Amino acid sequence: MATPAPPAIAARGLTKRFGRLVAVKALDLVVEPGQVFGFLGLNGAGKTTTIRLLLDLLRPTAGSAAVFGHDCRSDGLAARALVGYMPGEVGFYRDMTGRQVLGVLSGLSRDAFRDGWRRELLERFAFHDADLDRRIREYSTGMKRKLAIVSAFQAEAPLLILDEPTEGLDPLMQEAFYALVSDVRQRGATVFLSSHVLSEVDRVCDRIGVLRTGELVLAASVDDVRRMAPRLVRIVFRQPVAPPPSGWPPSIEIVEASATRWSLRVRSSMGPVVESLSGLPVADLDVREPRLEDVVINYYRGTM
Amino acid sequence: MIRETGVLVRHSLVRLRTVLLVMAVSLATFQVLLALAAAELQRAGTFAQLASLIPPFVRELFGTALVSMMSFSGIMALGYYHVAIVAVLVGLVVTVATEPAAEIEVGFADLVLSRPVSRAAVMTRSVVLLVVCPAFEVAAMAVGTFIGLWLAVPAGAARPAASLVWSLAISLWSLLACWCGVSLAIGSVARRRAVAGSIAGSLAAALMLVDYLARVWRPLRGIARLSPFHYYNPLDLVMGKPLPLADIGVLLGTAAAAIAAACVLFNRRDV
């Protein structure tokens, strides 16, 4: 029987304290290979600290983490050989050119890079030769972010750890980034990205984890999370009708009910609502699909 | 690890090359000019006059070494013991040694250490640079000295032996190596280069001062043994003493201990 592949990321009881502050509390997290995992949380929730623990930039106070089965501490070199990393704050020396940055960082990787792939990345992010020969001090914020994306993806690592990757990118480059994530995922890569942009997470991620003050309070597939949110149903009648029936299950919440308009929050099947509407003079029916943020924001607030 | 260290060394040398070259040319030129000036003083026979102008407390400070200082060899060797030159060279090694702190401050350390690069490779890079950069500068000084001697030894002046120049250079390099180690240990725990540089620079200035004061104030002599400058006496070499291997051993031993401490501290720290 074949041994199952180890998770791309596995953290067990991962804890990091800075003096009295507990930045990450006993984090248990598994990210399976091939997933695009969105790591969410408010500022200071511990997302970047977790990422830095995975990269062995920070040493855990307790617990452990592994990348594809390689312990991030004791077998850190093997773990990091499988990672492409884009930091949230890009730390390039201002006197270096873009080409020098890519050269140094590629020289530090174990495997030889495919020139064709790097060229493709540069083209996708509208980087020209002249841009690469300019010094970083002449780069805009967006240019630096694009260079960081290229440097993270150029090694074709099986795991990409991206800390707020689209911050500072214009909409076109955001689209280019989403397309790139989709492409590398199709090739089997795992993507672990932290983000504040819930619409972006909704669009590109398979699973999410929500961190609140260092604790993982939610880890689920995006579809499951979406199902946790109610659908908003608005019904407009051509003429006055009786109030909604009282026999609906508790998963159907009446927000507003006037003679010609009902507004409902539906967390389950729409069946009872549809049955009640039969024979009524419905003029319009609007169902707004559940959104990720409807759930995640409640987790941020601590109301879920 | 060797390949990663090589990449990092090359990267650092590319960034430092202008400073290293400008400093090397300046130091070498200064040595040439010193030799020319010493030759001129020798021709004019003004060494005795100059010695008589020196205040008594300075005579006490330097003792018999003053006689050596007021000679062709003494002036020629001025670059190896002049406070400003030594301070500039210590400044260079502090700058190089605090590179790990600078990389952490800028965020470049995140990019490097998130690759399959060990922290030992980062420290090895710093140690290589700390051997090579001061050696390059001191070698440039020695070359400048030789060029100056070739251009300007006047008749009647004893041509300083090549072994004296090399002894001065080795002695100075040992002092710088010691400061490399100390600065690296400080730089390996700091988050900001300015903080690490200030601490290392202030420590160097304080210990240099302690060493100078100890020469005229006996109570400080015990404490002065803690100063690396206590083990650096270039004027003894000018006076004809052999290369003090024990002193060089103390300086290089301190450097080795400080580098080992730096490696342990850097390996344990959060980046």
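Protein chains get the first letters and strands the later ones, always in sequence-line order, with residue 1 at the start of each. As the structure is a prediction and not an experimental result, all values here were calculated from the model.
Of the atoms belonging to A102(B), heavy atoms from both backbone and side chain fall under 4.5 Å from chain A. Heavy-atom distances place both the backbone and the side chain of E103(B) under 4.5 Å from chain A. Only the side chain of V14(B) comes within contact range of chain A, with heavy atoms under 4.5 Å apart. At a 4.5 Å heavy-atom cutoff, the contact between R3(B) and chain A is made by side-chain atoms alone. Within the 4.5 angstrom heavy-atom criterion, only side-chain atoms of R52(A), from C-beta onward, approach chain B. With a 4.5 angstrom heavy-atom cutoff, A152(A) touches chain B only via backbone atoms.
The candidate from I104(B), N267(B), L8(B) with the greatest count of non-hydrogen atom pairs under 4.5 Å with chain A is N267(B). Listed options G84(A), S151(A), A148(A) were ranked by heavy-atom pairs under 4.5 angstrom with chain B; first place goes to S151(A). Contact count against chain A (heavy-atom pairs under 4.5 Å) is highest for P116(B) among S118(B), P116(B), G107(B), G6(B).
Within 6.0 Å of CD in E89(A) there are 12 or fewer heavy atoms belonging to other residues, nucleotides or ligands. Taking a 6.0 Å sphere around CZ of R134(A), one finds it holds more than 12 heavy atoms contributed by other residues, nucleotides or ligands. Enclosure of atom CZ in R15(B) by more than 12 non-hydrogen atoms of other residues, nucleotides or ligands within 6.0 angstrom is indicated. Applying the 6.0 Å contact sphere to CZ of R94(A) captures no more than 12 heavy atoms from other residues, nucleotides or ligands. A 6.0 Å sphere centred on CH2 of W117(A) holds more than 12 heavy atoms belonging to other residues, nucleotides or ligands.
Here CG of L111(B) is found 10.5 Å from CG of L55(A). Values are rounded to the nearest 0.5 Å. We find the CE-OG distance between M86(A) and S114(B) to be 12.0 Å, quoted to the nearest 0.5 Å. Annotation: the span from L113(B) atom CG to L108(A) atom CG amounts to 9.5 Å, rounded to 0.5 Å. Taking CZ of R119(B) as the start and CG of L77(A) as the end, the distance is 11.0 Å to the nearest 0.5 Å.
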Practice item. With side-chain contact (heavy atoms from CB on, under 4.5 Å) as the test, would you mind laying out the steps for D56(A) and V271(B) before giving the verdict? Key: CA-CA 9 Å; D56(A) 197 31; V271(B) 171; over 6 Å; no
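Residues H11(B) and V104(A) come closest through the heavy atom pair ND1-CG2, 3.7 Å. Residues Y85(A) and R115(B) share a closest heavy-atom pair of O-NH1, 4.1 Å.
Formation of a donor-acceptor pair under 3.5 Å by the R268(B) side chain with backbone atoms of R59(A) is not found in this model.
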